[in-house]
Amino acid sequence: MRSLKSKGEDFERNRNHLREAYRIPDAWRDLGLEGEPTPSCKSPFRDESSPSFSIHDDGRKFKDHGTGESGDVFEFVKLALDAGFKDAAQWIEARAGTNQERPRRPHKAATRPKGIQWPGPLVKGTEKTWHFFAGIRGLSFPGVYAAVHAGILRFVKAEGYKCFVITDETRKAGEIRRIDGGEFEAGKVYPLAGPDKSWLVGASWLPETRKTTPVFLTEGSTDFLAGFNAYSRYRRTGGQNSWLPLGLLGASGKTLHPDLHEPLAGRTVRLAPDGDKAGDKMADCWGTMLSSMGCQVEILEMPRGRDLRDMLESGELEPEEVFE
């Protein structure tokens with residue numbers, strides 16, 4: 001039987017081989033990212049007016065001077081796909097072999113249109129789809145109907161599966177998951193190229209609301225949908241308070257889109273982070289950032305190992321408690 005040390009050495013040798021065979025400019029091209037990977041370039045993960053991103057060590061490493069994030073091609077792909085190390089490694093391994101067959105050449109700016117590269121056309125679906133989706137995901141039909149007509153819920157086919165999409169009319173951010181709750185080859189979330197993780201889903205409504213309207217900020221697409229559904233129920237049952245539900249698609253997001261600073265500043269923001277370490281970091285990061293913008297930050301704490309969707313579906317948390 002081989003020792004754990006031997007297996008670890010094999011793993012590290014394979015990782016070093018992939019770093020050489022498949023570098024960041026290769027991943028940049030295969031992900032269809034905007035711009036050109038150079039020693040001084042704009043971040044492919046967020047909008048910015050001046051370059052703060054760097055590709056160095058002959059394409060082996062990157063540094064984002066705006067966020068402090070850095071690393072090798074594995075870390076780069078993890079950021080691009082919002083995936084874990086295992087999924088990023090599998091994605092790289094699947095492409096490294098074909099990459100060796102083609103000569104390395106200077107990377108040219110992507111010619112694809114800006115924004116997310118969707119796997120197919122996003123559709124509203126039919127009333128039959130909405131009923132089915134509401135039933136299988138534990139949501140109310142009126143809540144699903146409201147989400148579709150608010151533009152935050154769409155449907156698409158990806159890898160042959162029927163999927164739901166959380167996005168908004170700007171199409172700056174988005175996330176795709178299977179309706180049946182199953183996984184794609186890369187994990188629970190379809191590996192989209194091009195989403196801006198600094199954009200809050202639903203934020204296009206911010207300029208249309210008064211500064212006195214508080215924001216309910218959730219973590220992840222399923223919690224955002226659950227929170228939106230709960231707010232719809234709250235209003236249908238006589239709730240008087242107006243709220244603006246917004247979604248941060250992933251606890252790893254640490255920056256806020258520059259267009260959102262002014263319309264968000266000074267508001268009351270209630271955060272609903274998951275009850276785990278990632279949720280704790282999200283609450284600390286966003287609580288500090290929003291407070292520095294003059295926001296009054298409130299934390300809706302979840303029990304350890306639980307999230308907003310769990311609590312609402314089980315009935316342990318009622319919409320009235322969330323929005324009063």
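Hydrogens, waters and symmetry mates are skipped; everything else that's a heavy atom, side chains included, is used. Counting from 1, the numbers follow the sequence of the chain as shown.
Going from atom CG of Leu256 over to atom CG of Leu200 covers 5.5 Å, rounded to the nearest 0.5 Å. Here the CZ-CG distance, from Phe224 to Leu308, works out to 11.5 Å after rounding to the nearest 0.5 Å. In this structure, the separation between CZ on Arg270 and CD on Gln296 is 9.5 Å, given to the nearest 0.5 Å. Ile176 contributes atom CD1, which lies 10.0 Å from atom CD of Glu159 (distance to the nearest 0.5 angstrom). Distance CD/Glu208 to OG1/Thr213: 11.5 Å, rounded to 0.5 Å. Taken from CE in Met311 to CD in Glu316, the straight-line distance is 4.5 Å, to the nearest 0.5 Å.
When side chains are defined from C-beta on, Val297 does not count as touching Trp286, because their heavy atoms never get closer than 4.5 Å. Contact check for Phe62 versus Cys41: no side-chain heavy atoms found under the 4.5 Å cut-off. At a threshold of 4.5 Å between non-hydrogen side-chain atoms, the residues Arg304 and Asp280 count as touching. Between Glu69 and Phe45, the closest side-chain pair of non-hydrogen atoms is not below 4.5 Å. When side chains are defined from C-beta on, Pro195 does not count as touching Leu249, because their heavy atoms never get closer than 4.5 Å. Arg19 has its side chain out of reach of Lys61: every pair of non-hydrogen atoms, C-beta onward, lies at least 4.5 Å apart. Looking at Lys188 and Arg178, their side chains never come closer than 4.5 Å, going by heavy atoms from C-beta outward. Residues Asp307 and Glu219 form no side-chain contact, since every pair of their non-hydrogen atoms from C-beta on lies 4.5 Å or further apart.
For the residue pair Thr209/Arg267, the side-chain donor-acceptor check at 3.5 Å is satisfied. Of the N and O atoms on the side chains of Arg236 and Ser232, at least one donor lies less than 3.5 Å from an acceptor on the other residue. With no hydrogens or angles considered, a side-chain donor-acceptor pair links Thr126 and Thr129 at under 3.5 Å. No side-chain N or O of Arg177 forms a donor-acceptor pair with one of Thr222 less than 3.5 Å apart.
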Discussion item. Let's go through Met282 and Asp274 carefully: what are the C-alpha distance in whole Å and the side-chain angles of both, what is the deciding distance for side chain to side chain contact (heavy atoms under 4.5 Å, CB included) to 0.1 Å, and is it a yes or a no?
Written reply: CA-CA 9 Å; Met282 179 267 197; Asp274 292 351; over 6 Å; no
Discussion item. Determine whether Arg171 and Leu122 satisfy the following criterion, side chain to side chain contact (heavy atoms under 4.5 Å, CB included), listing intermediate values before the conclusion.
Written reply: CA-CA 11 Å; Arg171 299 292 191 263; Leu122 307 189; 3.5 Å; yes
Practice prompt. Show your working on side chain to side chain contact (heavy atoms under 4.5 Å, CB included) between Leu18 and Phe74 and close with a plain yes or no.
Written response: CA-CA 9 Å; Leu18 288 173; Phe74 290 89; 3.9 Å; yes
Fill in: Evaluation steps, side chain to side chain contact (heavy atoms under 4.5 Å, CB included), between Tyr190 and Val156
CA-CA 11 Å; Tyr190 182 82; Val156 73; over 6 Å; no
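Both Leu33 and Ile24 belong to a single network of hydrophobic side chains, linked directly or stepwise wherever heavy atoms of I, L, V, M, F, W or Y lie under 4.5 Å apart. In this structure, Ile152 is a member of the same hydrophobic cluster as Leu248, with clusters built from ILVMFWY side-chain heavy atoms closer than 4.5 Å. Residues Trp205 and Val269 fall within the same hydrophobic cluster, defined by Ile, Leu, Val, Met, Phe, Trp and Tyr side chains chained together at heavy-atom separations under 4.5 Å. Cluster annotation: Val189 and Leu225 are assigned to distinct hydrophobic clusters (Ile/Leu/Val/Met/Phe/Trp/Tyr, side-chain heavy-atom contacts under 4.5 Å, transitive). Residues Leu139 and Phe216 do not share a hydrophobic cluster, defined by chaining ILVMFWY side chains whose heavy atoms lie under 4.5 Å apart.
The shortest heavy-atom contact between Leu290 and Leu264 is CD2-CD2, 3.7 Å. Nearest approach of His261 to Met293, heavy atoms of both residues: O-CE, 3.5 Å. Here the shortest heavy-atom pairing between Ala272 and Asp223 reads O-OD2, 4.4 Å. Here the closest non-hydrogen pair linking Ser40 and Pro51 is OG-CB, 3.8 Å. Taking every heavy atom of both residues into account, Ser204 and Thr170 meet most closely at CB-CG2, 3.8 Å. Here the closest non-hydrogen pair linking Pro245 and Phe228 is CG-CD1, 4.2 Å.
Side-chain N or O atoms of Asp26 include none that pairs as donor or acceptor with a backbone N or O of Arg29 at under 3.5 Å. Proximity of a side-chain donor or acceptor of Arg154 to a complementary backbone N or O of Ile166 within less than 3.5 Å is not detected. Judged by distance alone, the side chain of Arg95 and the main-chain N or O of Ala27 form no donor-acceptor pair under 3.5 Å. Without hydrogens or angle criteria, Trp199 side chain to Leu260 main chain gives no donor-acceptor distance under 3.5 Å. Although no hydrogens or angles enter the test, the distance criterion places no donor-acceptor pair under 3.5 Å between the side chain of Lys162 and the main chain of Asp180. The closest donor-acceptor contact from the side chain of Asp276 to the backbone of Ala278 lies under 3.5 Å. Checked by atom type and distance alone, the side chain of Tyr231 pairs as donor or acceptor with a backbone atom of Trp243 at under 3.5 Å. Formation of a donor-acceptor pair under 3.5 Å by the Ser292 side chain with backbone atoms of Met289 is found in this model. Using a distance-only test at 3.5 Å, with no hydrogens or angles considered, a donor-acceptor pair links the side chain of Gln240 to the main chain of Gly238.
Contact check on Lys254 versus Asp64 returns no salt bridge, with no Lys/Arg side-chain nitrogen under 4.0 Å from an Asp/Glu carboxylate oxygen. Glu313 and Arg306 are not joined by a salt bridge, as no carboxylate oxygen comes within less than 4.0 angstrom of a charged side-chain nitrogen.
Ring geometry for His131 against Phe141 counts as parallel: the plane angle stays under 30°, on a 0 to 90° scale with 60° as the upper cut. In this pair, Tyr234 and Phe323 present their aromatic rings tilted. The plane angle is within the 30 to 60° band.
Counting non-hydrogen atoms of neighbouring residues, nucleotides and ligands closer than 6.0 angstrom, the CD atom of Glu301 reaches no more than 12 such neighbours. The number of heavy-atom neighbours closer than 6.0 Å to CD of Glu321, taken from other residues, nucleotides and ligands shown, is above 12. Under a cut-off of 6.0 angstrom, the local environment of CZ in Phe184 is crowded, with over 12 non-hydrogen atoms contributed by other residues, nucleotides or ligands. Within 6.0 Å of NZ on Lys86 lie no more than 12 heavy atoms contributed by other residues, nucleotides or ligands. Counting heavy atoms of neighbouring residues, nucleotides and ligands inside a 6.0 Å radius, atom NZ of Lys63 exceeds 12 of them.
For the side chain to side chain contact (heavy atoms under 4.5 Å, CB included) with Leu192, the qualifying choice from Leu31, Ile116, Thr167 is Ile116, the only one to do so.
Close placement of the Phe133 and Phe155 rings is indicated, their centers lying within 6.0 Å of each other.
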